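Take a look at the structure below.
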Amino acid sequence: MNSSNSDISNIYNLNGRVPIARAVPFGLQHILAMFVANIAPLIIVAGACGLGSEQTASLIQTTMIIAGIGTLIQLFPIWKIGSGLPIVMGISFTFVSVACVIGSQYGYNAVIGAVIIGGLIEGTIGLFAKYWTRIITPVVSASVVTAIGFSLLSVGASSFGGGTGSETFGSAQNWILGTVTLASCLIFDILAKSYWKQLSVLFGLIVGYITAICMGVVDFSTIQDTSIVSLPSILPFKPEFNLSAIVSMTLIFLVSATETIGDTSAMAVSGLNRQVTVAETEGSIACDGYVSVLSGLLGCLPITSFSQNVGLIAMTRVVNRMVIATGAVIMIFAGIFPVFGAVLATLPDAVLGGCTIMMFGSIVVSGIKMLAACGFQQRNITIAALSLGIGIGFTQVPEIFSIFPPVIYTVFAENCVAVVFIVAVIANLILPKEKEA
């Protein structure tokens, strides 16, 4: 095998050199898969908090930069902060509801203060994960990963239809774009050879984007007034520390930590064919928390691991850290040079949905594989069935939580991952170990 072939085969290894020219398309594929989902939460919260268009545009640029920085820290840990795994970071929808409530009541400055304190708490808890992760047994992790996959299916379906709130949701043009993109991914995967198969998502996105341009769906008007260079500023919003806001945000940080545990477990199992280590879990949660503090200091929302990219790795098996780092650098450039980011932001939701449907399904399959590896003893079946049944079932009917205080409703009513995690942990603790006998 010559040097070039040896280098490109490293895309399937966590470490190893991959030529930049070969790494760029794989890295770009990761960024395109999460780009819209990364900036959408900030746009929603900024609107709810009454921020101006200039402030929102500036924060969008900062959001892309902080996502790139967070990803690099996950890939190449600083001290104990970071897992060393190919985890892509971004702004999570998990925090949207509570941030909108805090922002509407106390202002965006209170949101930033809560992000900083909540991030410090999550990061510190992450550093001591070895003392409490023993309660998270393989069947608990498997249930959480499965729940993450199921929770994302509706996100992929919403994108396929044109995006939640779209005036053309479910229209013929969105069906055409989503179907063309999905078909392109599948055809490329069938016909491509060797490592080229792993670029099926990028190929589908390109074909779908070109189709969208031909159909006149892509709006390039947002690019015209974009500045050439934009750099983030420290403390663009002076933090305000409101106790109620901090408590609410911290609860969501703990929920986000459960998702990170699931993402990290799924990454290790689906990408590296092994169980995650305690050190990797500690680093992953710590990275979520402490990088969220940095995000707050730059005026942005909390940052966390992105499940859609876990799905992409489950599909492609491309786990090389240098490849993912290439994508992180692209994201940072997209933030520093707004024109680049503005072009990426024109990607229609339906095109993204055509790719993500299969990616999210891959996470479900990874969770099922993890459950199978745990064994189908009656105890494991009970834990998985109870947690998934309550977690997914109850959150599909969020009104069932209406008798609880607003904080509880906000945390659990629409977050099946949090409910699955808590039920699985409790069931794992109280069910007798000798149940099978």
Side-chain angles (χ1 to χ4, degrees), residues 10-16 30 34 67 69-90 92 119 121-149 253-292 302-314 316-325 327-328 362-363 366-367 369-370 373-374 417 421 424-425:
N10 280 331
I11 62 173
Y12 304 111
N13 300 322
L14 188 61
N15 301 303
H30 269 280
M34 57 80 72
I69 292 172
T71 302
L72 289 175
I73 293 175
Q74 275 284 22
L75 294 168
F76 307 103
I78 298 175
W79 185 52
K80 295 182 179 181
I81 303 173
S83 63
L85 297 177
I87 294 174
V88 176
M89 305 287 284
S92 173
I121 293 172
E122 184 196 14
T124 304
I125 289 174
L127 290 178
F128 295 95
K130 65 181 179 182
Y131 296 108
W132 53 266
T133 49
R134 65 191 64 183
I135 68 174
I136 305 173
T137 60
V139 70
V140 174
S141 296
S143 300
V144 171
V145 171
T146 306
I148 289 173
F253 265 107
L254 298 179
V255 171
S256 177
T258 68
E259 295 180 350
T260 298
I261 291 169
D263 285 343
T264 309
S265 297
M267 177 67 66
V269 170
S270 63
L272 303 175
N273 296 314
R274 63 169 174 79
Q275 293 297 318
V276 69
T277 67
V278 173
E280 288 167 343
T281 300
E282 286 181 339
S284 190
I285 299 173
C287 183
D288 268 23
Y290 291 130
V291 176
S292 290
I303 189 169
T304 187
S305 58
F306 254 48
S307 300
Q308 39 268 73
N309 295 83
V310 176
L312 182 56
I313 285 180
T316 64
R317 309 289 177 175
V318 176
V319 297
N320 185 268
R321 291 195 295 172
M322 293 304 299
V323 168
I324 310 302
S362 297
I363 299 179
S366 294
K369 287 172 63 178
M370 291 172 68
C374 294
V417 176
F421 177 79
V425 168

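It should be emphasised that the depicted structure is a prediction, and the values quoted were computed from it without experimental measurement.
- Of all non-hydrogen atoms in L14 and P86, the two that sit nearest each other are CD1-CD, 3.5 Å.
- Just one of S256, S83, P302 meets the side chain to side chain contact (heavy atoms under 4.5 Å, CB included) condition when paired with D288; it is S256.
- At a cut-off of 3.5 Å, with distance as the only test, no side-chain donor of T264 or S305 sits close to an acceptor on the other residue.
- Here S292 contributes atom OG and I121 contributes atom CD1; the two are 12.0 Å apart, rounded to the nearest 0.5 Å.
- The nearest pair of heavy atoms linking Y290 to I81 is CD1-CD1, 3.5 Å.
- In terms of heavy atoms, R321 sits closest to G84 at CD-O, 3.2 Å.
- Taking both residues in full, the closest heavy atoms of A268 and Q275 are given as CB-C, 4.0 Å, listed atom of the first, atom of the second, then distance.
- In this structure, T260 OG1 and Q74 CD are separated by 8.0 Å, a value rounded to the nearest 0.5 Å.
- Expressed to the nearest 0.5 Å, how far CG of L127 lies from CD of E122 amounts to 10.5 Å.
- Annotation: side chain of I313 is in contact with side chain of H30 (closest heavy-atom distance under 4.5 Å).
- Taken to the nearest 0.5 Å, the CE atom of M322 stands 9.5 Å off from the CG atom of L75.
- Between the CD atom of E282 and the CD1 atom of I261 there is a distance of 11.0 Å, given to the nearest 0.5 Å.
- A142 and C374 get closest at one heavy-atom pair: CB-SG, 4.4 Å.
- Heavy atoms from other residues, nucleotides or ligands lying under 6.0 Å from CZ of F76 number more than 12.
- Between the CG atom in L85 and the CD atom in E280 there is a gap of 4.0 Å [rounded to 0.5 Å].
- In terms of heavy-atom proximity, V319 sits nearest to L272 at CG2-CD2, 3.9 Å.
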Can you list the steps and then say if I125 with L254 is a side chain to side chain contact (heavy atoms under 4.5 Å, CB included)?
-> CA-CA 9 Å; I125 289 174; L254 298 179; 3.7 Å; yes
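- Side-chain contact between I87 and D263 is absent, with no heavy atoms from C-beta onward closer than 4.5 Å.
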